[in-house]
Structures are given as structure tokens and as C-alpha cells.
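Notes to accompany the following structure.
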Amino acid sequence: MSSNNFYSQIREMGALRNLLQLLAIAIILMLPFSKPSRILEGWALVTGGIIPATAPLVFVVMMFDVLMANILRGEADDDQRRILTRVIRTNVTLGAVLIGLWLYSFRDVLLR
């Protein structure tokens, strides 16, 4: 796949979806370093409080986007259907990684 084709496929999904997916990737990259606890200050507040609290919200928004893409795919032409299928696959893949890492970051709290 050429890089021009890759960037055009990214652009076809739309700016808001791309920003949502970039936010999910940023949270995915930060979640392994988060240590949720009750008392947080400074950078620990971001990694231990804000990032773990934001991850499920981003997951839910991504799954709403999957739902809407599935609905829109029913009446779409072949080209739009291909784009929406890519959106669904990307969101489900990123969502699975996101929620898996979120659960991993809470393993000490959940598995006591």
C-alpha cells in the first residue's frame, strides 16, 4: 500500500473521527503508566486520575460512532460502505485495545 493511498484512506474517514482515534491512541500510550490511587497530585493526577477516567468515555463515544456507522452503512453506496466498514473496524480495534489496557491499569484494584 502506498503512503498516498494510506493518507487518503485516513482522510476519507473524516476529521472528527480521526481526532477521536488519535485521542484513543494517546490514551492507549499513557494507560500502561497509570497507577490509580486515592491521593494524587501533580503529574500523578493526570496519569492516575484523568487518563483512567477519560478512557471509558472515549470508548463509549467510539462505540456510538460504530453504531451510527452501522446504521448509515445500510443505505450507503459501495464507496461509502467501504469507508464506513473501515471506520467500524478501526474503532472496534482501538476500542478493544483501549478497554483492555484500562482494565489492566485497574488490575490491582479489581483483583484484590
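Atom set for the values below is all heavy atoms of this structure, side chains included, hydrogens, waters and symmetry mates excluded. Since we're looking at a predicted model, the values are computed, not measured.
Under the rule for a side-chain hydrogen bond (donor to acceptor under 3.5 Å, both in side chains), the partners of T85 that lie at least two apart in sequence or sit in another chain are R73. A search for side-chain contact (heavy atoms from CB on, under 4.5 Å) contacts involving L103 returns L110, not counting sequence neighbours. Remark: R81 pairs with no residue by the salt bridge (Lys or Arg N to Asp or Glu O under 4.0 Å) rule, at least two apart or across chains. For D78, the side-chain hydrogen bond (donor to acceptor under 3.5 Å, both in side chains) criterion is met by no residue, not counting sequence neighbours. Qualifying salt bridge (Lys or Arg N to Asp or Glu O under 4.0 Å) partners for D77, counting only residues two or more places apart in sequence or in other chains: none. Residues meeting the side-chain contact (heavy atoms from CB on, under 4.5 Å) test with L29, sequence neighbours left out: I25.
A single hydrophobic cluster is not seen to contain both L72 and V87; linkage of ILVMFWY side chains at heavy-atom distances under 4.5 Å, directly or through other members, places them apart.
In this structure, the side chains of L20 and L16 stay at 4.5 Å or more apart for every pair of heavy atoms. Looking at L23 and L19, their side chains never come closer than 4.5 Å, going by heavy atoms from C-beta outward. Two residues are said to be in side-chain contact when any heavy atoms from C-beta on lie closer than 4.5 Å; W102 and L98 fail this criterion.
Every pair passing salt bridge (charged side-chain N to carboxylate O under 4.0 Å, His left out) that includes a residue from residues 50-72 is listed here, sequence neighbours excluded: R17-D65. Residue pairs meeting the salt bridge (charged side-chain N to carboxylate O under 4.0 Å, His left out) criterion with at least one member in residues 49-61: none, sequence neighbours excluded. Applying the salt bridge (charged side-chain N to carboxylate O under 4.0 Å, His left out) test to every pair with at least one member in residues 85-94, sequence neighbours left out, gives these pairs: E12-R86.
Atom CG of residue L67 and atom CD1 of residue I88 lie 9.5 Å apart, to the nearest 0.5 angstrom. Rounded to the nearest 0.5 Å, atoms OG (S34) and OH (Y104) are 10.0 Å apart. One finds the CD1 atom of I27 at 11.0 Å from the CG atom of L94 (value rounded to the nearest 0.5 Å). In this structure, the separation between CZ on F106 and CG on L101 is 12.5 Å, given to the nearest 0.5 Å. Rounding to the nearest 0.5 angstrom, the gap separating the CD atom in Q21 from the CD1 atom in I28 is 10.0 Å.
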Exercise answer: donor-acceptor pairs, residues 49-64 side-chain atoms, under 3.5 Å, sequence neighbours excluded:
residue, atom, partner, partner atom, Å
T54, OG1, I50, O, 2.6

